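Reading through the structure tokens given below for one structure.
Just follow the structure's listing: the first ligand is 1, and inside any ligand the first atom is 1. Treat the numbers as computed from the prediction; the structure is a model and nothing was measured.
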Amino acid sequence: MKKINVGIIGAGTMGGVHARIADKIGRVEVASVFDVDRMRAEQLAGQYNSRAFTDLDEMLKSEIEMVFVCVPNRLHAQVSIRALEAGKHVFCEKPLAISVGEALQIRNSAEKLGRKVFVGLNRRFSPIYVQAKKAVSASGFKPAHINIIQNDGDMMGCVWSADLKNMGGFLFDTTVHFLDMAEYLLGEIQEVRALGMAACYELQDDFVIQLKFGNGMLGAITTCGHASWIFPFERVQVVGDHRSVITEELDVYRYSPGLNKTIEAFDYSKLPFDEKWGYQAMHYHMYDVLEKEIPLVNGIEQGIRSVALVEACYRSVDANGAVIDVKTLI
Ligand SMILES: NC(=O)c1ccc[n+]([C@@H]2O[C@H](COP(=O)([O-])OP(=O)(O)OC[C@H]3O[C@@H](n4cnc5c(N)ncnc54)[C@H](O)[C@@H]3O)[C@@H](O)[C@H]2O)c1
């Protein structure tokens, strides 16, 4: 089968991850790499015998069918739209955009050009959350609420992660994964309420979020990026009718099917990074979608909803915790 030529836009950490996985899977060819930083572009391109570009228009003229947008958040929409307008399919790292307005513009361009958009909601493909979804969707489990704690040290990470202009706001960074995860596991969220504060940085960096799902279930997320990196910084619990699923990191899964019943446990900690984080399965899924008509797990609609959920949280914070109906944003 003919390989699909792909291009990497942004040769930083995630650009490197996606280039490596794309190359490893063998179904696509990493043909072009673009970065504003020439050295980065050349370094990554050199690893895959591909062409390096420092001009995006030139790169988009090269023989590629799909691009991976891996630049800072604030650039996602404009770069994705330029790639779509050039006729490319787009994988955009999360968040799809930093406003619903921008996310909808991406959808308009994709529809106009008949191109696919994929979003970096990789946790949907990680074995631990696939297993959690299987458990909570099984007959007999009547989920009632979800509880997510995500406190890490991310804001002292990469140079732009505590920079509001590049990031779009703290919730667009990692919390967007968990708003999406809540929907992936339990269905559409109807309403959010949120409180936020600037605890350690100038931007709001600490949030408590309440969720109400369309099916009546409830949820809570507490999240900050000014914690340490003590494990587990990522925890999800779904509780039902005397049943519970509990995950810690992307490593440890436990499922209690009822009072006085044997607890099922899986430990994914030794899986290779690309598998554990869902990146590899996400790549397989995207290439399958390009080859045959199958429903998208991480498509434009999931991307738009995840952006709308973040925006709803910020609107609620601005209104001192008022209820925000998510559908008023989309
Ligand atoms: N899904 C995930 O697990 C995950 C994890 C980390 C980061 N991300 C997302 O991936 C994206 C990239 O993050 P990263 O950690 O790789 O960042 P990074 O800083 O390592 O890389 C960003 C790259 O973009 C380049 N760049 C900056 N401005 C540019 C421009 N105008 N045009 C072209 N290139 C430009 C930089 O030179 C750098 O090489 C972010 O949107 C982030 O939210 C996703």
Side-chain angles (χ1 to χ4, degrees), residues 7-22 32-47 52-60 67-83 90-99 102-103 106 118-126 128-129 150 152-181 184 225 229 233-234 249-250 273-283 285-286 297-298 302-303 306-307 310:
I8 305 289
I9 299 180
T13 309
M14 294 314 293
V17 167
H18 290 300
R20 186 185 70 241
I21 297 172
S32 309
V33 176
F34 161 73
D35 201 294
V36 280
D37 181 329
R38 177 179 296 279
M39 214 174 72
R40 284 183 173 217
E42 285 176 354
Q43 237 166 29
L44 191 62
Q47 289 175 42
F53 293 86
T54 50
D55 180 317
L56 183 56
D57 290 325
E58 287 305 312
M59 187 240 205
L60 291 173
V67 295
F68 286 81
V69 177
C70 305
V71 291
N73 300 355
R74 85 180 154 84
L75 299 168
H76 286 187
Q78 65 182 78
V79 170
S80 296
I81 290 170
R82 274 172 78 182
V90 168
F91 165 85
C92 179
E93 256 308 343
K94 62 80 202 160
L96 173 64
I98 55 172
S99 73
E102 284 185 338
I106 298 175
F118 305 94
V119 185
L121 299 169
N122 52 293
R123 278 175 176 74
R124 285 175 170 250
F125 299 89
S126 72
I128 198 162
Y129 290 125
Q150 209 273 327
D152 65 25
D154 226 4
M155 294 182 81
M156 210 181 261
C158 67
V159 285
W160 50 270
S161 70
D163 171 357
L164 187 58
K165 198 164 134 271
N166 269 323
M167 188 191 211
F170 169 73
L171 296 178
F172 280 109
D173 207 46
T174 304
T175 316
V176 68
H177 280 298
F178 294 97
L179 288 160
D180 175 66
M181 184 47 56
Y184 172 69
W229 284 106
F233 43 80
E234 170 168 341
E249 300 301 309
L250 295 158
F273 172 83
D274 297 348
E275 279 177 49
K276 183 159 84 172
W277 283 80
Y279 300 123
Q280 187 168 301
M282 180 170 72
H283 274 245
H285 172 68
M286 296 191 291
V297 174
N298 62 326
Q302 291 83 15
S306 62
V307 171
V310 170

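Contact between Val33 and Ala41 at its shortest, heavy atoms only, is CG1-O, 3.8 Å. Of all heavy-atom pairs spanning Asp173 and Met167, the tightest one is CB-CE, 3.7 Å. Residue Asp35 comes nearest to Gly12 through the heavy atom pair OD2-N, 4.2 Å, listed as atom of the first residue, atom of the second, then distance. Of all heavy-atom pairs between Ala11 and Arg40, the closest is CB-O, 3.6 Å.
Taking every heavy atom of Leu75 and a limit of under 4.0 angstrom, the matching atoms of ligand 1 come to 28 (N), 29 (C), 30 (C), 31 (N). Each of the following atoms of ligand 1 lies closer than 4.0 Å to a heavy atom of Gly12: 16 (O), 20 (O), 21 (O), 23 (C), 39 (O). Below 4.0 Å from some heavy atom of Asn73 lie the following atoms of ligand 1, by number and element: 40 (C), 41 (O), 42 (C), 43 (O). Atoms of ligand 1 lying under 4.0 Å from at least one heavy atom of Gly120, given by number and element, are 1 (N). Residue-ligand proximity, Tyr279 to ligand 1, at heavy-atom distances under 4.0 Å covers atoms 2 (C), 3 (O).
The closest approach between any non-hydrogen atom of His177 and ligand 1 is below 4.0 Å.
When only interatomic distances are considered, the shortest N/O to N/O separation between Met14 and ligand 1 falls below 3.5 Å. For ligand 1, one of its N or O atoms has an N or O atom of Arg40 under 3.5 Å away. Checked against a 3.5 angstrom limit, the closest N/O atoms of Phe34 and ligand 1 fall outside it. Polar contact check, His76 against ligand 1: a nitrogen or oxygen pair lies under 3.5 Å apart. Checking only distances, Trp277 never comes within under 3.5 Å of ligand 1, N or O to N or O.
In this structure, the side chains of Asp57 and Arg82 come closer than 4.5 Å at one or more pairs of heavy atoms. The side-chain heavy atoms of Tyr129 and Leu250, taken from C-beta on, include a pair separated by under 4.5 Å. Proximity of His177 to Glu234: side-chain heavy atoms (C-beta onward) are nowhere separated by under 4.5 Å.
The residue from Leu44, Thr13, Leu56 that puts a heavy atom closest to atom 20 (O) of ligand 1 is Thr13.
By the 4.0 Å N-to-carboxylate-O rule, Lys94 lies too far from Asp180 to be salt-bridged with it.
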